[in-house]
Amino acid sequence: MSSDTLAQHAAVPETPDKADTPRIVPQRRFGQWTAAAVVLVLLGLAVNSVLRNDAFQWDVVADYFTTTAVLRGLWLTLWLTAVVMVLGFALGTLLAAFRLSANPVLRAVSWGYVWLFRSIPILVQLLLWFNIGALYPRILGVKTVDLLGPVTVAVIGLTLHEAAYAAEVVRGGILSVDRGQIEAAQALGLSRWRRWRRIVLPQAMRSIVPPAGNMLIGTLKGTSIVSVIAVQDLLYSVQLVYHRTYQVIPLLMVATVWYTVVTSLLGVGQYYVEKHYARGTERTR
């Protein structure tokens, strides 16, 4: 065999035999699939039990689901949630600014407010405001009973409670912004307002929106507690009905389904708001 032939044979790489190639075997996850099957079976049994249990009286649920009384209570619940969240975050933002201030008095006031209103249960706060007439029979010459009705008491009590939590949410979001970016904006000569609007706030919102969305949903469900002071929200409206008809379970299911529908819609909205503020980051979904 000539040297040219040997060179040609040496240049051609040998093809490995398929029998010698290692075969990739996918990992078998018997435990996970078994657990998933068990969960699906239990879920199916639970759904079947709910749908086929005559005690739920789904026909009664359908009859009362869109009645005027229920829709009126739902509207008050939504209105109360919106007002409390707007006022609560407005006051909470002010408290967060106080907490981040260089003034020790403002920091102490903010810290004391958050400590106090996070320490007292919301039900106790509502009952105290509802009975404020025992402490101050008149405010500005007007009888407290005439000045503070049940709805006003609910707005005041829930707003002061939410503001304490909103202050910590806003403060945490502001602290999550890298200090170096603020210093860079100062070096560029940006005004304090432009620094907050263009640098701090857009980045802080990525940390503020998730807990704020949870607070919104929690506030929606938490408004049901105002039924103890005779505010005709969704829960109180269905209570008035079942006190008359004695159909407790189906009327409670009416409220449950409405709360589930509204919280689901709010959850969808929260997802898109989070996605908007997460643009340009690795956490974008």
Side-chain angles (χ1 to χ4, degrees), residues 77-126 129 154-182 185 192-193 195-226 259 262-285:
T77 294
L78 296 176
W79 176 85
L80 191 59
T81 301
V83 171
V84 167
M85 285 299 295
V86 171
L87 296 180
F89 262 87
L91 180 56
T93 302
L94 181 63
L95 291 169
F98 284 178
R99 188 73 180 274
L100 297 172
S101 172
N103 190 312
V105 176
L106 295 181
R107 290 202 308 269
V109 169
S110 176
W111 181 88
Y113 180 97
V114 173
W115 166 77
L116 179 63
F117 283 92
R118 290 201 306 182
S119 301
I120 305 175
I122 181 59
L123 178 59
V124 176
Q125 294 182 41
L126 286 176
W129 282 104
V155 171
I156 293 174
L158 292 176
T159 297
L160 295 178
H161 176 78
E162 291 298 316
Y165 291 89
E168 292 300 283
V169 170
V170 174
R171 185 173 72 91
I174 294 173
L175 292 177
S176 68
V177 180
D178 186 19
R179 180 66 186 175
Q181 299 193 40
I182 301 177
R192 185 180 182 85
W193 166 245
R195 290 199 304 268
W196 277 93
R197 186 172 60 89
R198 303 296 296 274
I199 306 297
V200 177
L201 189 58
Q203 297 183 70
M205 289 299 290
R206 290 200 292 264
S207 299
I208 292 175
V209 169
N214 292 335
M215 283 184 59
L216 175 60
I217 294 175
T219 302
L220 172 72
K221 297 183 296 183
T223 55
S224 61
I225 202 170
V226 301
Y259 281 123
V262 177
T263 53
S264 299
L265 293 176
L266 292 178
V268 173
Q270 178 185 349
Y271 168 78
Y272 284 105
V273 174
E274 288 184 22
K275 189 175 181 180
H276 171 76
Y277 284 105
R279 290 179 302 177
T281 66
E282 295 180 355
R283 294 184 179 181
T284 303
R285 293 191 294 270

I need the [X] [atom1] to [Y] [atom2] distance, nearest 0.5 Å.
{"X": "M85", "Y": "L158", "atom1": "CE", "atom2": "CG", "result": "11.5 Å"}
{"X": "E274", "Y": "R206", "atom1": "CD", "atom2": "CZ", "result": "12.5 Å"}
{"X": "L266", "Y": "L216", "atom1": "CG", "atom2": "CG", "result": "5.0 Å"}
{"X": "T159", "Y": "L91", "atom1": "OG1", "atom2": "CG", "result": "8.5 Å"}
{"X": "M215", "Y": "I208", "atom1": "CE", "atom2": "CD1", "result": "11.5 Å"}
{"X": "T219", "Y": "E162", "atom1": "OG1", "atom2": "CD", "result": "3.0 Å"}

Would you please name every residue forming a ring-ring contact (aromatic ring centres under 6.0 Å, His included) with F117, sequence neighbours left out?
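Here the qualifying residues are Y113.
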Partners passing ring-ring contact (aromatic ring centres under 6.0 Å, His included) against Y259 (at least two apart in sequence or in another chain):
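If we apply the ring-ring contact (aromatic ring centres under 6.0 Å, His included) test to Y259, skipping adjacent residues, there are no hits.
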How far apart are the closest heavy atoms of [X] and [Y], and which atoms are they?
{"X": "V114", "Y": "A167", "value": "CG2-CB, 4.1 Å"}
{"X": "L106", "Y": "F98", "value": "O-CB, 3.6 Å"}
{"X": "P211", "Y": "V169", "value": "CG-CG1, 3.7 Å"}
{"X": "Q125", "Y": "G157", "value": "OE1-O, 3.9 Å"}
{"X": "A166", "Y": "G88", "value": "CB-O, 3.8 Å"}
{"X": "V226", "Y": "A154", "value": "CG1-CB, 3.7 Å"}

Report the C-alpha separation of Q270 and N214 in whole Å, then their side-chain angles, then the decisive distance to 0.1 Å, and conclude whether the side chain to side chain contact (heavy atoms under 4.5 Å, CB included) test is met.
CA-CA 9 Å; Q270 178 185 349; N214 292 335; 3.9 Å; yes
Relative to each other, are the rings of W115 and W111 parallel, tilted or perpendicular (30° and 60° limits)?
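If you compare the ring of W115 with that of W111, the planes turn out parallel.
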Assess whether side chain to side chain contact (heavy atoms under 4.5 Å, CB included) is satisfied between L95 and V170, documenting all intermediate values.
CA-CA 9 Å; L95 291 169; V170 174; over 6 Å; no
Within residues 85-113 or reaching into it, pairs that qualify as salt bridge (Lys or Arg N to Asp or Glu O under 4.0 Å) - sequence neighbours excluded:
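Checked against salt bridge (Lys or Arg N to Asp or Glu O under 4.0 Å) - neighbours excluded - the pairs reaching residues 85-113 are R99-E168.
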CA sep, side-chain torsions, deciding dist, call: L220, L78, side chain to side chain contact (heavy atoms under 4.5 Å, CB included):
CA-CA 7 Å; L220 172 72; L78 296 176; 4.1 Å; yes
Backbone N or O of T77 within a donor-acceptor pair of the T81 side chain at under 3.5 Å?
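Answer holds: yes.
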Under 3.5 Å donor-acceptor, T93 side chain and F89 backbone:
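Yes, the answer is positive, given that a donor and an acceptor are paired below the 3.5 Å cut-off.
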Please lay out, stage by stage, how W79 and V155 fare under the test side chain to side chain contact (heavy atoms under 4.5 Å, CB included).
CA-CA 10 Å; W79 176 85; V155 171; 4.2 Å; yes
